[in-house]
Asker: 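Supplied in structure tokens, the structure appears directly below.
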Amino acid sequence: MARPVQILLGGNILTLDEASSRATAIAWRDGEIIAVGSDRDVLERTSADPGEAVQLEGRTVIPGLTDAHAHLDRYSLGAELPGFEHCETPADVLDVIAAAVADREPGEWIVTRPIGAPPRYEQSRLGEGSLVPTRAELDRVAPNNPVFIRSIWGYWNMSLNPVSVANTAALRAAGVDLRDTPSPSAAVEMLRDGSGELTGVFVESVRHPIVEHTLLRAAPGFTAAQRARSIAEGAAAYASYGTTAYFEGHGVADDLLDAYALSGAGGLRATLIWSPNWTEDDPAAVGGLVEQRRRLLRAKDAKLDLQGIYVEFDDGTGDATLRARGRRQSGWAGFTTGAGLPEQRMRELLQHAAEAGIRVCGIDIRLLPLIAEVDAVTPVAPLRWVLAHHPVLSSEQIQLIARLGMVVTTVAPHFLLHGDGSFGGPDEGDFLPLPALIEAGVPFAFGSDNVPITMWESIYAVTERLTAGGVPVSPENALTREQALVAATRGGAWLTREETTRGALARGQAADLAVLDRDPLTCSAADLRATQAVATVVAGTLVHGTL
């Protein structure tokens with residue numbers, strides 16, 4: 001049975017179509033827009049099938065935003081674990097552990113969040129004033145329960161090295177000898193006391209934690225149900241900022257795919273990229289491996305799609321193999337570190353993917369010459385391969401990206417608002433050169449990287465081009481606000497290969513839209529950054545707020 005027509009009147013509707021049209025009214029039925037225009041025009045076009053009309057009272061409506069690098073699954077992952085966000089002293093930390101012990105049976109594992117408050121966990125550090133306890137201190141409050149304080153996910157806070165702690169019971173359960181067990185990697189420092197025994201504190205010099213996948217792999221990881229719950233909660237939170245679709249270009253490991261098979265896309269549109277584990281899977285079979293997983297997900301949720309693979313180079317340290325073989329758990333990351341390949345095997349994988357019609361997403365600029373070699377044999381432009389994250393692009397690289405038909409995604413706040421002011425590259429003009437991408441015809445979109453989850457941070461960053469300290473960075477590369485909105489809407493739809501069905505507010509397009517609490521084209525810069533959605537609609541269904 002068809003649903004009634006939904007009509008919004010009296011609004012400031014930014015259609016963001018090719019003509020930059022404005023309207024005051026919009027109507028949709030069964031998830032598809034049937035009219036956009038003036039109040040009078042839309043009421044006339046829907047008069048034969050009148051539905052529910054809502055007065056917008058001048059509020060602004062835009063097409064739904066696409067988060068091009070979301071990591072949405074991490075939004076509330078581990079929220080049910082004991083946490084330390086309110087701790088101010090070492091005694092406070094031990095009180096949290098003691099409270100967890102009181103709720104558990106002897107022998108039951110206690111695995112916690114990192115020390116500090118999310119998302120940056122500033123107090124998860126060693127040195128003067130540290131809140132990080134030792135094995136002996138944990139033993140005093142948890143003598144009979146294995147305790148593991150997990151480290152931060154390294155990219156939450158680039159200024160900290162991941163630090164984790166285990167008590168004696170946890171080390172014993174994991175088979176770690178206090179004196180004789182060696183470090184699994186040169187990147188892991190196992191701190192010792194004056195007698196040479198482990199203090200239980202592990203310090204890692206890499207961003208992807210190793211300890212939880214090796215020495216402490218006996219500690220419980222995240223279950224599919226926990227991950228599924230975080231996907232649902234993340235989707236609701238992202239929708240509160242007007243995000244209606246997301247793209248997971250850094251890849252989704254098999255344990256996270258299992259969670260998506262339970263939860264679906266959380267009510268939003270999700271385009272996933274698979275993060276393979278080449279210690280177990282065969283690169284030559286990439287086409288069949290992707291299609292097998294795609295069928296599983298599509299059977300669960302029509303808004304859920306799997307389009308390709310994430311690729312990265314093997315860093316040569318062997319740490320990625322350690323993590324990948326430790327256990328089939330991706331930890332906080334959501335993607336496996338078993339995706340790395342040496343250059344020759346990478347070239348072979350790219351050729352297999354091109355022949356199988358599989359999308360490829362990577363974050364390493366070194367991929368470009370290899371992709372060009374593959375393209376000379378099997379054209380890749382129809383597949384819209386993706387270069388993510390990389391902030392510096394020369395004019396020559398941009399021209400090559402254009403010729404290869406690739407899409408660029410960037411996490412602008414990471415490099416501008418949260419960066420340290422060192423941008424690299426021989427020419428500052430090469431830093432996030434978005435106008436040059438437009439001139440070259442290279443489509444691009446913005447991602448949040450989950451910290452923070454609002455896409456308005458990206459829109460603010462690329463239009464203001466300021467560091468956290470207010471220092472301008474190549475202001476000539478700033479976009480207009482409308483250009484930024486187009487990238488976050490139509491650009492995102494191009495990224496997910498849905499440009500014919502969503503991304504603008506036009507007749508025949510999907511009713512994916514956000515009613516905002518301010519006009520992003522005219523509000524102050526500070527207000528732009530704080531924009532939220534009063535209501536968010538996906539395929540005609542309200543997923544956030546009220547109309």
Side-chain angles (χ1 to χ4, degrees), residues 64-86 111-114 116-121 150 152-153 155-156 220-272 275 297 300-306 329-335 411 447-458 492 512 514 517 530-539 541-546:
L65 303 172
T66 297
D67 191 327
H69 202 95
H71 291 297
L72 175 143
D73 61 282
R74 278 210 303 264
Y75 172 71
S76 64
L77 185 61
E80 74 285 359
L81 301 179
F84 307 96
E85 56 267 33
H86 302 301
V111 179
T112 77
R113 296 181 70 84
R120 293 180 61 80
Y121 297 101
R150 301 188 71 171
I152 61 170
W153 167 240
Y155 295 97
W156 284 337
F222 297 114
T223 67
Q226 287 173 315
R227 292 187 184 277
R229 182 167 59 250
S230 187
I231 290 168
E233 293 174 354
Y238 281 55
S240 72
Y241 294 100
T243 296
T244 58
Y246 57 99
F247 182 84
E248 295 295 5
H250 209 141
V252 173
D254 281 335
D255 58 338
L256 184 49
L257 288 176
D258 290 342
Y260 273 104
L262 284 177
S263 70
L268 307 186
R269 300 185 190 274
T271 302
L272 309 181
S275 179
L297 296 174
K300 173 64 181 181
D301 187 342
K303 295 187 182 72
L304 188 57
D305 196 17
L306 180 72
Q329 277 275 343
S330 55
W332 293 115
F335 54 87
V411 184
S448 71
D449 215 8
N450 188 241
V451 185
I453 66 172
T454 170
M455 288 293 295
W456 298 102
E457 282 276 279
S458 286
D512 290 13
D517 63 355
T531 301
Q532 292 187 302
V534 174
T536 304
V537 173
V538 178
T541 298
L542 187 69
V543 296
H544 165 74
T546 58

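Here the structure is a predicted model, which is why all the values come from computation and not from measurement.
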Asker: So, taking the atom named CD in E80 and the one named CD in Q226, what distance separates them when rounded to the nearest 0.5 Å?
Answerer: 4.0 Å
Asker: Quick check: closest heavy atoms across E457 and P452, and the distance to 0.1 Å?
Answerer: CG-CG, 3.5 Å
Asker: Using a 3.5 Å distance criterion without hydrogens, assess whether the side chain of E248 forms a donor-acceptor pair with backbone atoms of L72.
Answerer: yes
Asker: Do the side chains of H250 and S275 get nearer than 4.5 Å, heavy atoms only?
Answerer: no
Asker: Starting at CZ of R227, measure out to OG of S263 and round the result to the nearest 0.5 Å.
Answerer: 11.5 Å
Asker: If you round to the nearest 0.5 Å, how far is CG of D301 from CG of D305?
Answerer: 10.5 Å
Asker: For G331 and R150, work out which heavy atoms get closest and say how close.
Answerer: CA-NH2, 3.8 Å
Asker: To the nearest 0.5 Å, how far apart are OH in Y155 and CG in D449?
Answerer: 10.0 Å
Asker: Show the nearest heavy-atom pair for residues A253 and S330, with the distance to one decimal.
Answerer: CB-CB, 4.0 Å
Asker: Rounded to the nearest 0.5 Å, how far apart are CG of L262 and CG of L257?
Answerer: 11.5 Å
Asker: Does any part of the side chain of L65, heavy atoms only, come nearer than 4.5 Å to the side chain of W456, both counted from C-beta?
Answerer: yes
Asker: Would you find more than 12 non-hydrogen atoms of other residues, nucleotides or ligands less than 6.0 Å from Y75 atom OH?
Answerer: no
Asker: Would you mind reporting whether W332 and H71 have side-chain heavy atoms less than 4.5 Å apart?
Answerer: no
Asker: Give a yes or no answer on whether the side chain of H544 reaches the backbone of A533 with a donor-acceptor pair at less than 3.5 Å.
Answerer: yes
Asker: Side chain of D512, backbone of A539: donor and acceptor closer than 3.5 Å?
Answerer: yes
Asker: Do the side chains of R74 and W156 get nearer than 4.5 Å, heavy atoms only?
Answerer: yes
Asker: Using side-chain hydrogen bond (donor to acceptor under 3.5 Å, both in side chains) as the criterion, list what pairs up with T531, not counting sequence neighbours.
Answerer: none
Asker: Report yes if the side chains of T244 and R269 come closer than 4.5 Å at any heavy-atom pair, otherwise no.
Answerer: no
Asker: Provide the closest heavy-atom pair for M455 versus S448 in the form atom of the first, atom of the second, distance.
Answerer: SD-N, 4.2 Å
Asker: Where is the tightest heavy-atom contact between D67 and G447, given as atom of each residue plus distance?
Answerer: OD1-CA, 3.3 Å
Asker: Does the Y246 side chain pair with the main chain of A265, one donor and one acceptor, at a distance under 3.5 Å?
Answerer: yes
Asker: Below 3.5 Å, can you tabulate the donor-acceptor pairs from side chains in residues 230-241 to any protein atom, sequence neighbours excluded?
Answerer:
from	atom 1	to	atom 2	distance (Å)
S230	OG	D73	O	2.6
S230	OG	S76	N	3.1
S230	OG	S76	OG	3.4
S230	OG	L77	N	2.9
E233	OE1	S76	OG	2.4
Y238	OH	A70	O	2.9
Y238	OH	N450	ND2	2.9
S240	OG	A237	O	2.5

Asker: Mark yes or no for whether K303, through its side chain, and A270, through its backbone, hold a donor-acceptor pair below 3.5 Å.
Answerer: no
Asker: Quick check: closest heavy atoms across V543 and L268, and the distance to 0.1 Å?
Answerer: CG2-CD2, 4.2 Å
Asker: Can you measure from OG1 (T271) to CG (L297) and round to the nearest 0.5 angstrom?
Answerer: 11.0 Å
Asker: If you apply the rule side-chain contact (heavy atoms from CB on, under 4.5 Å), what do you find for F84 with Y121, and how did you get there?
Answerer: CA-CA 9 Å; F84 307 96; Y121 297 101; over 6 Å; no
